[in-house]
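Side chains included, hydrogens not; waters and symmetry mates left out as well; all remaining heavy atoms used. Read the numbers this way: they start at 1 and go in the same order the structure lists the ligands and their atoms.
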Amino acid sequence: MRYSSSTLLLLSLASILSLCSSNAKNMLPSEVETLFKIMDSISSDEKWRISYPNPCNPGSTWLGVECKLGQDNHLHVSRLDFGTHPNPTCNNTATFPYQIFDLPHLESVFFFRCFTHTKTTLSAPANRGAAFFDSSLQQLSLRSNPALVGPIPPQISLLKSLKILTLSQNHLSGHIPPGIFSLNSLLHLDLSYNMLTGPVPIQLGNLKNLQDLDLSYNSLTGPIPGTIGHLGMLQKLDLSSNSFVGTIPYSIEKLTLLTFMALSNNKLRGNVPKGILKLQSLQYFIMDDNPMYIPLPAEFGKLVKLQELRLANSCYSGMIPPSFSLLVNLSTLSLQNNRLTGKIPEGFSSLSRIYHLNLSGNLLGGVVPFNASFMKRLGRNLDLRGNPGLCMSTSEAYNNVKIGSGVSVCGPGSLIKKSQAAAHGLSKLLFLCAALVFM
Ligand SMILES: *[C@@H]1O[C@H](CO)[C@@H](O)[C@H](O)[C@H]1NC(C)=O
Ligand SMILES: *[C@@H]1O[C@H](CO)[C@@H](O)[C@H](O)[C@H]1NC(C)=O
Ligand SMILES: *[C@@H]1O[C@H](CO)[C@@H](O)[C@H](O)[C@H]1NC(C)=O
Ligand SMILES: *[C@@H]1O[C@H](CO)[C@@H](O)[C@H](O)[C@H]1NC(C)=O
């Protein structure tokens with residue numbers, strides 16, 4: 001019986017397939033070689049090639065490497081994790097292995113304290129061309145790498161699948177490339193603790209899915225872009241310790257899911273938009289050290305979920321709004337070193353969760369409205385020092401000699417001394433607030 005040519009073809013196909021299946025679940029040799037090259041350039045384990053010839057094979061996978069079976073029935077590297085125990089550590093000579101972008105199935109990369117001695121950049125070598133960064137990466141986390149220097153390359157915009165980008169605590173410099181804001185799958189963007197300069201591009205508003213934005217501890221300048229109001233999913237915003245100028249943008253009122261907002265240590269000024277009271281999810285509002293020069297906004301007292309409100313060293317003036325007594329969940333209130341006048345609101349004594357209250361260095365006056373049990377509860381976390389016009393009724397003071405909230409007993413004898421002290425305190429504060437303007 002003669003076989004037709006088509007049957008022969010089928011038979012030979014079948015034998016090829018069965019040959020392949022014995023090879024199945026191996027890595028492609030080219031991918032193994034790419035992984036070896038990455039290991040050569042970062043790992044502190046010199047014998048890697050010898051100890052793990054089949055790095056993805058079940059039972060012999062190296063810690064720090066994870067693999068997945070692809071639809072092509074080959075194993076592919078899906079995760080690289082260096083620097084955190086028990087994963088491998090990096091060699092002192094480690095440089096950024098741009099070959100990671102040649103691993104087509106790589107989803108997550110973590111390099112923690114990996115590039116520490118040998119200066120290295122994120123930029124592609126000139127001869128690599130456009131293929132650089134073109135990958136399926138979803139999570140890129142390069143954290144605490146003091147030798148990682150230079151700019152964030154604009155080609156980062158090619159990492160279209162990125163959901164989490166963490167480039168925190170490196171020595172990255174230059175401007176934030178606008179292209180980074182075209183990565184519209186991003187949920188989490190952390191560029192904190194670098195040396196980034198220049199303004200935040202208005203394209204920021206394109207990241208419609210962003211939940212966390214941390215640009216703190218850089219040298220960013222210019223205003224906070226109004227487009228920030230387009231980040232409707234944002235829950236955490238940290239812009240502290242930069243050199244942002246101008247005011248809080250009006251659009252902030254649209255960030256109604258925000259639970260954490262930190263704007264401390266910038267050059268922001270009043271006014272605060274009235275719409276800020278729409279941030280009804282806000283639990284932490286941290287905004288110390290800005291030259292605000294406005295009366296303390298009563299709207300802050302409408303943010304009823306607040307647990308921490310920090311507004312120290314910011315040249316706020318006027319009375320403490322009575323509405324602040326409505327912040328029932330407040331545990332920390334920092335208003336020290338402003339120019340606040342008038343009395344401490346009576347209602348403060350009923351803030352049942354408060355455990356840290358700092359009103360020191362203001363121009364507050366009158367009788368402290370706290371009874372002995374309140375003062376005992378807060379102990380050293382109550383600071384009223386440097387308010388020469390404040391005094392305490394005899395009975396409370398008597399009970400609290402040891403607590404030392406820094407306030408003397410009310411009495412006619414101390415009046416002259418107090419007004420002198422008040423004048424001294426005022427000139428000190430005016431000097432501080434004047435100094436802030438020129439910083
Ligand atoms: C770092 O890599 C170099 C060159 O590959 C090697 O000679 C050296 O032993 C490695 N250092 C450590 C601490 O593993
Ligand atoms: C205060 O906190 C409690 C417990 O976390 C919570 O149940 C309550 O809703 C909060 N109150 C407000 C006004 O958010
Ligand atoms: C102290 O003040 C609080 C709040 O006003 C009150 O609930 C408490 O009963 C007072 N305690 C004493 C010992 O007077
Ligand atoms: C209150 O603030 C002043 C000035 O910043 C600081 O020195 C003091 O330690 C603070 N007090 C408390 C109890 O935190």
Side-chain angles (χ1 to χ4, degrees), residues 235 240-241 256-261 264-265 276-292 296 299-316 320 322-340 343-364 366-388 390 392-400 402-407 424-426 428-433 435-436 439:
Q235 291 168 27
S240 38
S241 294
T256 53
L257 300 182
L258 216 52
T259 59
F260 179 100
M261 175 157 71
S264 290
N265 198 19
I276 203 157
L277 57 81
K278 295 185 186 162
L279 303 185
Q280 285 295 316
S281 306
L282 208 56
Q283 294 174 12
Y284 299 86
F285 184 22
I286 320 287
M287 197 177 172
D288 302 311
D289 300 289
N290 282 284
M292 295 301 281
L296 210 48
E299 287 78 21
F300 293 165
K302 304 262 168 68
L303 303 171
V304 293
K305 290 226 167 86
L306 280 182
Q307 294 174 22
E308 278 193 38
L309 179 57
R310 298 179 183 259
L311 305 168
N313 306 322
S314 300
C315 298
Y316 284 105
I320 302 176
S323 62
F324 278 33
S325 310
L326 305 174
L327 300 173
V328 293
N329 277 354
L330 211 55
S331 64
T332 295
L333 178 60
S334 303
L335 296 175
Q336 67 269 26
N337 298 336
N338 284 295
R339 292 189 290 182
L340 301 173
K343 294 181 171 179
I344 300 175
E346 296 277 340
F348 272 21
S349 61
S350 55
L351 292 173
S352 62
R353 292 177 191 229
I354 197 108
Y355 84 99
H356 195 161
L357 177 60
N358 201 338
L359 303 177
S360 66
N362 280 292
L363 301 164
L364 298 167
V367 181
V368 174
F370 306 134
N371 63 20
S373 66
F374 182 95
M375 297 188 58
K376 206 166 169 182
R377 184 159 64 82
L378 273 75
R380 290 180 188 280
N381 290 329
L382 174 66
D383 197 339
L384 305 175
R385 288 174 299 174
N387 288 285
L390 275 185
M392 217 177 297
S393 79
T394 340
S395 58
E396 309 308 346
Y398 188 76
N399 280 319
N400 289 283
K402 289 198 188 96
I403 290 176
S405 56
V407 177
H424 175 72
L426 184 62
K428 217 171 80 186
L429 284 164
L430 287 176
F431 176 75
L432 174 79
C433 290
L436 273 170
M439 261 173 16

Atom 13 (C) of ligand 4: closest protein heavy atom, distance to 0.1 Å, is R380 O, 3.2 Å

With atoms numbered from 1 as shown, which atoms in ligand 4 lie under 4.0 angstrom from a non-hydrogen atom of R385?
8 (C)

Counting from 1, what ligand 4 atoms have a heavy atom of H356 closer than 4.0 Å?
12 (C), 13 (C), 14 (O)

Find out whether L340 and L359 are in side-chain contact, i.e. whether some heavy atom of one side chain is under 4.5 Å from a heavy atom of the other.
no

Mode of N337 contact toward ligand 4 - side chain, backbone, both, neither (heavy atoms, under 4.0 Å):
side chain

Students should be able to answer this: which protein heavy-atom is nearest to atom 5 (O) of ligand 2, and at what distance?
R353 NH1, 4.2 Å

Per-atom contacts, ligand 2 versus K305 - under 4.0 Å to a heavy atom:
14 (O)

Exactly one of L327, T332, V328 clears side-chain contact (heavy atoms from CB on, under 4.5 Å) with L330, and that residue is L327

Measure from atom 6 (C) of ligand 4 to every heavy atom in T332, N358, D288 and give the option owning the shortest one.
N358

Which residue and atom name correspond to the protein heavy atom nearest atom 4 (C) of ligand 3, and how close is it?
S349 O, 3.4 Å

Would you verify that at least one protein heavy atom lies under 4.0 Å from atom 9 (O) of ligand 2, or report that none does?
no

Do protein heavy atoms approach atom 2 (O) of ligand 3 to less than 4.0 Å?
yes

